[in-house]
Amino acid sequence: ADKENYPSGLSKELSKKLLAIENDVFLKGYHKTFMLNQTCCDICSNCKNTRIDCVNLSQSRPSPEGFAVDVYQTVRKLGFEINVVTLKHQEINRYAFLLIE
């Protein structure tokens, strides 16, 4: 959870892979599919930090919290572990959600 040691490269790589999964599901005929990213959008290294100025709207995705998803309750209900981080160097849990109708 230490901001200086956050694996941003890994996070960007994971975001791209999640978008590819979302696209694959869409192309399989599930036209109402949408991914909530495991973190705030981090695709562009020179992010403008506003939706209005975003240069990559087709790949920008919000975090679950941005859509008022109770991540802790949802994750625990699905049987996964998630804990509140109280110290700088504790392990953090990140979860993305692929919504499919």
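Bear in mind the structure is a predicted one, so any value in this text is a computation, not a measurement. Nothing fancy with the numbering, it's 1 onward along the sequence.
Listed by chain and residue number, nothing satisfies the salt bridge (charged side-chain N to carboxylate O under 4.0 Å, His left out) test with K16 (two or more places apart in sequence, or in another chain). The side-chain hydrogen bond (donor to acceptor under 3.5 Å, both in side chains) search around S63 returns E65, not counting sequence neighbours. Contacts of K28 classified as salt bridge (charged side-chain N to carboxylate O under 4.0 Å, His left out), with partners at least two apart in sequence or in another chain: none. Considering only residues two or more places apart in sequence or on other chains, F26 meets the ring-ring contact (aromatic ring centres under 6.0 Å, His included) condition with H31.
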Inset, instruction - Check the pair R76 / I82 against side chain to side chain contact (heavy atoms under 4.5 Å, CB included), numbers first and verdict last. - result: CA-CA 7 Å; R76 288 177 180 147; I82 188 167; 3.8 Å; yes
Legend entry - Criterion side chain to side chain contact (heavy atoms under 4.5 Å, CB included) on N56 and S58, from CA distance to verdict: CA-CA 6 Å; N56 203 355; S58 67; 3.8 Å; yes
Inset, instruction - Let me see the working for V75 and F97 under side chain to side chain contact (heavy atoms under 4.5 Å, CB included), right down to the final yes or no. - result: CA-CA 10 Å; V75 167; F97 298 91; 4.1 Å; yes
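In the hydrophobic clustering of this structure, F34 does not group with L98; members are Ile, Leu, Val, Met, Phe, Trp, Tyr whose side-chain heavy atoms approach within less than 4.5 Å, directly or through other members. Put simply, V84 and L78 are part of the same group of oily side chains (I, L, V, M, F, W, Y) that touch within less than 4.5 Å, one to the next. Hydrophobic cluster membership differs between L57 and L36, with clusters built from Ile, Leu, Val, Met, Phe, Trp and Tyr side chains linked at under 4.5 angstrom. Clustering ILVMFWY residues whenever any of their side-chain heavy atoms sit less than 4.5 angstrom apart, transitively, puts I100 in the very cluster that holds L19. When the side chains of ILVMFWY residues are joined at heavy-atom separations under 4.5 Å, either directly or via intervening members, V25 and L14 end up in a single hydrophobic cluster.
Here the options are E22, R61, R94, the test is side-chain contact (heavy atoms from CB on, under 4.5 Å), and the partner is N37; only R61 passes.
For the atom pair CE of M35 and CD of Q59, the computed distance is 9.0 Å after rounding to the nearest 0.5 Å.
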Determine all donor-acceptor pairs shorter than 3.5 Å in which one atom belongs to a side chain in residues 67-74; sequence neighbours excluded.
unit_1: D70; atom_1: OD1; unit_2: Y72; atom_2: N; d: 3.3
unit_1: D70; atom_1: OD1; unit_2: Q73; atom_2: N; d: 3.0
unit_1: T74; atom_1: OG1; unit_2: D70; atom_2: O; d: 2.8

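Of all the heavy atoms in P64 and Y95, the pair that sits closest is CG-O, 3.9 Å. The heavy-atom pair separating E91 from V85 by the smallest distance is O-CG2, 3.9 Å. The two residues A96 and Q38 have their closest heavy-atom pair at CB-N, 3.7 Å.
Residue pairs meeting the side-chain hydrogen bond (donor to acceptor under 3.5 Å, both in side chains) criterion with at least one member in residues 77-87, sequence neighbours excluded, are E81-N83, T86-Q90.
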